[in-house]
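Notes follow the structure.
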Amino acid sequence: MPGMPSTGRTLRSTINSDGSLQLRMAEEQVADPTGSQVLVSVEASPINPSDLGVLLGPADPATLAPVEGGGLDGNVDERIIPILRDRLDKALPVGNEGAGTVVAAGPDAEHLVGRAVTLVGGAMWSDYRLVDAAAVIPLPDDASPADGAALFINPMTALSMVETMRAEGHTALVHTAAASNLGQMLVKICKADGVGLVNIVRSAEQTATLTALGAEHVVDSSQPDFNDRLAEAVAATGATLAFDAVGGGTLASDILAAMERSADPQDHWTPYGSPTHKQVYIYGSLNMGPTSIQRTFGMRWSVGGYLLTDAIGRLGGETIGRMRERVVAELKTTFASSYARTIGLGDVLDPANLAEFSKRSTGTKYLIDPSLDRD
């Protein structure tokens, strides 16, 4: 094993009160682990949309330019600054999850030295992370850090959607941006668990991707008959719960309308619509515009936000334990992630790379391996 490092890089993002965005690579001291702490040499961390939300905030990547001494500077629209009040002038660490090798440990965690582990806890776009041993999960002997890099956010979110469905009394799901890594995981989960799933995509290529995975109901939002096909798929599954990664536009409204069209007819008409409650949770912001709701589906419906951390709190320890066990057991099958490219930590500050992965396009997921350009 290498010796104990004295310093390491970590990426920081600061939005200042004047609207400037600063991305900087900071060199920080690495503390010795004590007690049950472990020091992980980070070797794989995915670039998730939630990470980009911290890295760039609402800034346009096209405004970023290199500065003398290293790093990038950009601008945030001044009209948005008041919304960002709580993060202004703070140098925030970036990276929610990742994996690597334990290179040092306190006396209560020495058995983990040399083990490949996956972990979540922020500041993962760093050379090293010092965390409590309770925050890491050892990977199987045949799994690499790249295999375990993305075992929390997407897998646990996909599983939490199914568990939330059960907890709230629904029996089937609708999912948007369904050809994403998370969406492909959800297809596999629902197929294995016998859960009805309507997948909304935006191209024939994405339809083919999900069909190849065994998805039964795939609806292309770019087609002129989208709303009719969506209503047919919702009726076939009985879905009354949706998870929307798009956020802006009319998609949430379209889903609720399809659910209302497919609901069981009542014995007599009322102005309040069907007696079936319909729920759409927005968990992403691929469209940053307003969410437009055309209320043509009665009064028994809800649209709300969805956060994995809140869902975990509601689902409880027993369910979460079962979910974590499944993720590790199926890390190379159900929860395997694919990446378009692997880059070094310093490569994140390449404007060309930033422009590419900030598109958040399906099939362009990047993986960061700080060891590639670590001194």
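Residue indices begin at 1 and follow the sequence shown.
Of the charged side-chain nitrogens involved, at least one lies within less than 4.0 Å of a carboxylate oxygen, so that Glu28 and Arg12 count as a salt-bridged pair. Salt bridge present: Arg166 and Asp193 bring a charged side-chain N and a carboxylate O closer than 4.0 Å. Salt-bridge formation is not detected for the pair Arg322/Glu325: no Lys NZ or Arg NE/NH1/NH2 atom is positioned less than 4.0 Å from an Asp or Glu carboxylate oxygen.
Here the straight-line distance linking atom CG of Asn227 with atom CZ of Arg261 works out to 7.0 Å at 0.5 Å rounding. Note that the CG atom of Leu251 and the CD1 atom of Ile200 stand 5.0 Å from one another [nearest 0.5 Å]. Rounding to the nearest 0.5 angstrom, the gap separating the CG atom in Asn181 from the CD atom in Gln184 is 6.0 Å. Taken to the nearest 0.5 Å, the OG1 atom of Thr309 stands 9.0 Å off from the CZ atom of Arg314. Going from atom OH of Tyr272 over to atom CE of Met299 covers 8.5 Å, rounded to the nearest 0.5 Å.
Nearest heavy atoms, Pro33 versus Gly106: CB-N, 3.6 Å. When all heavy atoms are compared, the tightest approach of Arg9 to Pro370 is NH2-O, 3.1 Å.
The shortest side-chain heavy-atom distance between Leu230 and Val198 falls under the 4.5 Å cut-off. Side chains of Leu21 and Ser13 form a contact here, defined as non-hydrogen atoms less than 4.5 Å apart. You'll find the side chain of Leu315 reaches within 4.5 Å of the side chain of Ser160, heavy atoms only. Between Met124 and Leu119, some side-chain heavy-atom pair lies under the 4.5 Å cut-off. In this structure, the side chains of Leu88 and Ile81 come closer than 4.5 Å at one or more pairs of heavy atoms. For the pair Ile137 and Arg324, the minimum side-chain heavy-atom distance is below 4.5 Å. For the pair Ser41 and Asp127, the minimum side-chain heavy-atom distance is 4.5 Å or more. The shortest distance between side-chain heavy atoms of Ser253 and Thr296 does not fall below 4.5 Å.
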Verify ring-ring contact (aromatic ring centres under 6.0 Å, His included) between Tyr283 and His175, making sure each step is shown before the conclusion.
CA-CA 10 Å; Tyr283 77 98; His175 185 227; 5.8 Å; yes

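Residue Glu205 qualifies as open at atom CD: its count of foreign heavy atoms under 6.0 Å is 12 or below. The 12-atom threshold is exceeded at CD of Glu232, counting heavy atoms of other residues, nucleotides or ligands nearer than 6.0 Å. Within 6.0 Å of atom CD in Glu318, 12 or fewer heavy atoms from other residues, nucleotides or ligands are found, so the atom counts as exposed in its surroundings. Within a 6.0 Å radius of CG in Asp225, other residues, nucleotides and ligands contribute more than 12 heavy atoms.
Under the 3.5 Å distance criterion, with hydrogens and angles disregarded, no donor-acceptor pair is assigned to the side chains of Gln206 and Thr209. A side-chain donor-acceptor contact under 3.5 Å links Asn96 and Asp51. There is a side-chain donor-acceptor pair under 3.5 Å between Ser274 and Glu260.
For Ser144, the side chain to side chain contact (heavy atoms under 4.5 Å, CB included) partners at least two apart in sequence or on another chain are Ala146, Asp147.
With Asn16 contributing its side chain and Asp18 its backbone, the two residues share no donor-acceptor pair below 3.5 Å. A side-chain donor-acceptor contact under 3.5 Å links Lys332 to the backbone of Asp142. A donor-acceptor contact shorter than 3.5 Å is absent between the side chain of Arg229 and the backbone of Ser221. No donor-acceptor pair under 3.5 Å is formed between the side chain of Thr10 and the backbone N or O of Ser126.
Among Asn154, Asn48, Thr118, the one residue that satisfies the side-chain hydrogen bond (donor to acceptor under 3.5 Å, both in side chains) test with Glu97 is Asn48.
Between Tyr366 and Phe357, the ring-plane angle classifies as perpendicular under the 30° and 60° cut-offs.
The cationic group of Arg374 lies under 6.0 Å from the six-membered ring centre of Tyr128 and within 45° of the ring axis, placing it in a cation-pi geometry.
Both Leu182 and Met323 belong to a single network of hydrophobic side chains, linked directly or stepwise wherever heavy atoms of I, L, V, M, F, W or Y lie under 4.5 Å apart.
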